[in-house]
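Below is one structure, written out as structure tokens, with a few remarks after it.
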2 protein chains.
Amino acid sequence: MSDHQLHEALEMLRESGVRITPQRHAVLEFLIKSMTHPTADDIYKALEGKFPNMSVATVYNNLRVFREIGLVRELTYGDSSSRFDCNTSEHYHIICSSCGKIVDFHYPSLEEVESLAEQVTGFDVSHHRMEVYGTCDGCKKVKQH
Amino acid sequence: MSDHQLHEALEMLRESGVRITPQRHAVLEFLIKSMTHPTADDIYKALEGKFPNMSVATVYNNLRVFREIGLVRELTYGDSSSRFDCNTSEHYHIICSSCGKIVDFHYPSLEEVESLAEQVTGFDVSHHRMEVYGTCDGCKKVKQH
DNA sequence: TAAACTAATTATAAAGATTATAAAGTAATA
DNA sequence: TATTACTTTATAATCTTTATAATTAGTTTA
């Protein structure tokens, strides 16, 4: 499943004329295989075993390249650092206010909101973003004790 | 209108046992009267004429106090710095991807999304957040030329 | 009102995330 | 092979936000 996704992503890079270096490949692979939504630092730490000389700047550079191509989305929440999401298919996120865990969920796209906003404000709407916040199962149990 | 809002906000501060200092009053007043959603730095710059000795830390301190009381909401968008919104009534934002302008709009709360997310993920949902992105009227015109 | 206490402000430093720059390395192409 | 463009590394710089300590100001109490 994620192998197929990786393959497609590499294809997109090639088509865009972006070189596929070992570091770039590793960052991409880690992003696709990770089910969490890692920060740049998460990725850096995860790969420093394999690439002891890799610089943080390389992680950021590659994430920027991926974002520009449309391969990843950058998620900015309240906390200090951005998170990166490789799943570009339509989905929303629910975030645990207690431990920061992020879980995907699906819901039909909120087109009605977009068209209303367009009418009311006179903007040309391109997209929207929505997240739900709450307490995850694990944190609920911890709180009960 | 905003005088009334300022009065109510000051009342809330008093009830919470928070001192109303000149700087605090000025930050609050600026937030309420400004129709934009300023960053901490915007506020700092706007008030440095009146309070030449005011420190940035004071602005942040006061914003934190206001947030803790529930007087303002902190908005974290893609750009580097947080924005602060004094309008605590239910509403959503539409943001211009080109110039960063933020406009409020109203829409019935998305309770259905919250309850579905709750069922699917097992979270206890507390709230959600949604923004619409697009191009504002001004920027549309600029682009046409 | 004066003394004591508490909270707020200032000035400054520190932390953390991200971006910029220059030099060195690597791949692609003619 | 020589040239070119792209990528990485190392490092410094920037920017936002938080932390700390000292000072100031406001509030309470005697």
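Below, read A as the first sequence line, B as the second, and so on, with proteins coming before strands; counting in each chain starts at 1.
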Which atom pairs link the protein and nucleotides 16-20 of chain D when you take only N or O atoms and keep those under 3.5 Å?
| from | atom 1 | to | atom 2 | distance (Å) |
| --- | --- | --- | --- | --- |
| D:dT17 | OP1 | B:Ser82 | N | 3.0 |
| D:dT17 | OP2 | B:Tyr60 | OH | 2.2 |
| D:dT17 | O5' | B:Tyr60 | OH | 3.2 |

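Here the range on DNA chain C touched by chain A, meaning any atom under 4.0 Å from one of its heavy atoms, is C:dA17 to C:dA27.
Distance CD (A:Glu68) to P (D:dC6): 13 Å, rounded to an integer number of Å. To the nearest angstrom, C1' of D:dA25 lies 14 Å from CZ of B:Phe51.
Linking Ile, Leu, Val, Met, Phe, Trp and Tyr residues whenever their side-chain heavy atoms come within less than 4.5 Å leaves B:Tyr133 and A:Val113 in two separate clusters. Both A:Val125 and B:Met130 belong to a common hydrophobic cluster when Ile, Leu, Val, Met, Phe, Trp and Tyr are linked at side-chain heavy-atom distances under 4.5 angstrom.
Taking OH of A:Tyr107 as the reference point, atom OH of A:Tyr92 lies at 8.5 Å (rounded to 0.5 Å). Atom CG of B:Leu28 and atom CG of B:Leu6 lie 5.5 Å apart (nearest 0.5 Å). Atom-to-atom distance recorded for B:Leu116:CG and B:Thr121:OG1 is 8.5 Å, nearest 0.5 angstrom.
Taking 4.0 Å as the cut-off between side-chain N and carboxylate O, A:Asp3 and A:Lys33 count as a salt-bridged pair. Between A:Glu48 and A:Lys50 no salt bridge is recorded (no basic side-chain N to carboxylate O distance below 4.0 Å).
Shown for residues 11-28 of chain B: residues whose heavy atoms fall under 4.0 angstrom of DNA chain C, namely B:Val18, B:Arg19, B:Thr21, B:Gln23, B:Arg24.
In this model, no donor atom of one side chain and acceptor atom of the other lie less than 3.5 Å apart for A:Arg67 and A:Ser82. For A:Asn61 and A:Thr58, the side-chain atoms include no donor-acceptor pair closer than 3.5 Å.
Ring geometry, B:His93 versus B:His37: the interplanar angle exceeds 60°, so the pair is classed perpendicular (tilted spans 30 to 60°).
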